[in-house]
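Order of the sequence lines sets the chain letters (A, B, ...), proteins ahead of strands, with each chain counted from 1. These numbers were taken from a predicted model, which means no experiment stands behind them.
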There are 2 protein chains.
Amino acid sequence: MARAATTTDSFNAIAEPRRRAILTLLAGRESPVGEIAEALHLAQPSVSKHLRVLRQVGMVRERRQGKQIFYQTRTESLQPLHAWVSEFARFWSHQLERVRERAEAAPPSPVLKR
Amino acid sequence: MARAATTTDSFNAIAEPRRRAILTLLAGRESPVGEIAEALHLAQPSVSKHLRVLRQVGMVRERRQGKQIFYQTRTESLQPLHAWVSEFARFWSHQLERVRERAEAAPPSPVLKR
DNA sequence: TTGACATATTCCCATATAGGAATATAATGA
DNA sequence: TCATTATATTCCTATATGGGAATATGTCAA
């Protein structure tokens with residue numbers, strides 16, 4: 001079997017660097033396809049294809065205005081990803097906490113010394 | 001061209017559901033390959049292959065003990081992912097804030113009615 | 001309708017899987 | 001050294017790309 005389709009879920013969709021770039025670009029503001037292509041130095045068909053994937057997994061929203069189609073990132077669609085990755089943050093934050101504890105215990109705080 | 005190699009970066013590595021499962025399983029505790037295979041109902045060669053990918057992108061650490069090799073997730077390796085996704089959290093939290101504001105402004109607060 | 005502009009889709013192709021089966025390696029104990 | 005146990009690797013194959021080029025579709029204005 002081959003790898004799962006990129007259109008399966010957001011984890012697969014963001015495996016492509018350009019798609020990540022598109023999502024970042026469209027997070028704050030809407031842009032038409034042409035502008036995306038220009039901003040990221042990509043061919044128009046390429047952008048359209050990536051947008052198709054992102055659309056299929058629900059990561060962008062589109063709005064037609066005349067001849068142009070404005071796309072924008074549906075930031076909420078990144079919540080599942082965020083939730084999954086955040087589970088791991090617990091572990092490394094434990095380490096950070098330990099570092100912080102050590103830092104707070106050792107340093108020049110004469111008052112609390114002893 | 002085909003998709004970028006899964007061994008390129010963590011974004012590609014976690015595109016595979018089983019690799020995500022492995023990372024989750026090994027986040028808290030170490031386990032030898034056989035145990036991973038059993039826990040996730042996967043064939044041993046399959047697990048070894050996924051571990052190889054995870055190793056190549058630095059997402060797991062290994063420790064040999066006799067015939068067994070214990071693997072564990074290097075949770076810090078998920079920090080770049082976390083950082084990237086978190087950028088988007090800003091946006092949706094804005095929305096949540098707006099919802100909250102509206103909720104606080106509209107409801108049964110006769111005092112502020114005008 | 002025709003022309004022009006903005007996007008989307010289709011075709012073709014080199015490449016990267018991921019799984020299954022078989023086999024190779026490594027480590028240990030007799 | 002040999003057998004055994006635990007992993008890793010190789011081989012083969014069906015499948016999913018992602019880019020480039022060419023073409024189709026959609027929208028608007030004259």
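Checking C:dA27, C:dA14, D:dG19 against every side-chain atom of B:Arg64, the shortest atom distance belongs to C:dA27. For A:Arg18, the side-chain atoms get nearest to D:dG19 when compared with the rest of C:dA8, D:dG19, C:dG19. For B:Arg3, counting side-chain heavy atoms from C-beta on, the closest listed nucleotide (C:dG19, D:dG18, D:dT15) is D:dG18. Here the side chain of A:His50 is nearest to one of D:dG18, C:dG20, C:dT17, namely D:dG18. Of the candidate nucleotides C:dT7, D:dA22, D:dT7, C:dT7 has the atom lying nearest to any side-chain atom of A:Gln44.
Cation-pi geometry between B:Arg64 and B:Phe70 is not met at under 6.0 angstrom from the ring centre and within 45 degrees of the axis.
An OP1 or OP2 oxygen of D:dT17 is reached within less than 4.0 angstrom by a side-chain nitrogen or oxygen of A:Thr6. The phosphate of D:dG19 (OP1 or OP2) has a side-chain N or O of A:Ser46 nearer than 4.0 angstrom.
Residue B:Phe70 is out of contact with every strand shown, counting any heavy-atom pair closer than 4.0 Å. In this structure, A:Ser48 reaches the bases: a heavy-atom distance under 4.0 Å links it to at least one base atom across the strands shown. Note on A:Gln68: only backbone sugar-phosphate atoms sit closer than 4.0 angstrom, heavy atoms only; bases stay farther off.
Between A:Gly66 and A:Thr7, it is A:Thr7 whose nearest contact on DNA chain D lies nearer the 5' terminus. Toward the 5′ end of DNA chain C lies the nearest nucleotide of A:Pro32, the other residue of the pair A:Pro32 and A:Met1 mapping further downstream. Nearest-nucleotide positions on DNA chain C for B:Glu16 and B:Pro45 put B:Glu16 closer to the 5' end. Taking for each of A:Lys49 and A:Gln65 the nucleotide of DNA chain D with the nearest heavy atom, the 5'-most of the two is the partner of A:Lys49.
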Verdict with supporting geometry, B:Leu40 and B:Ile22, side-chain contact (heavy atoms from CB on, under 4.5 Å): CA-CA 8 Å; B:Leu40 304 180; B:Ile22 291 176; 3.6 Å; yes
May I have the step-by-step check of side-chain contact (heavy atoms from CB on, under 4.5 Å) for A:Thr24 and B:Trp84, ending in yes or no? CA-CA 9 Å; A:Thr24 298; B:Trp84 186 79; 3.5 Å; yes
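Screening B:Arg19, B:Arg18, B:Arg55 for a side chain to side chain donor-acceptor pair (under 3.5 Å) involving B:His50 leaves a single residue, B:Arg19.
For the residue pair A:Arg63/A:Gln65, the side-chain donor-acceptor check at 3.5 Å is satisfied.
Rounded to whole angstrom, the span from the OH atom of B:Tyr71 across to the P atom of D:dA6 amounts to 15 Å. Between the CD1 atom of A:Ile22 and the P atom of C:dT7 there is a distance of 13 Å, rounded to whole Å. Rounded to an integer number of Å, the gap from B:Ile36 CD1 to D:dA8 C1' is 13 Å. In this structure, A:Arg19 atom CZ and D:dA16 atom C1' are separated by 11 Å, rounded to whole Å. The nearest whole Å value for the distance from the CG atom in B:Asn12 to the P atom in C:dT17 is 8 Å. In this entry the distance linking CZ of A:Arg52 with P of C:dA6 reads 22 Å, nearest Å. Remark: C1' of C:dT7 and CZ of A:Arg63 are 16 Å apart, rounded to the nearest angstrom. The distance from atom CG of A:Leu51 to atom C1' of D:dG18 is 14 Å, rounded to the nearest whole Å.
Looking at B:Lys67, its side chain has no donor and acceptor atom pair within 3.5 Å of the base of C:dG29.
Summarising the geometry of A:Thr73 relative to A:Leu23, their closest heavy-atom pair is OG1-O, 2.8 Å, with the distance given to 0.1 Å.
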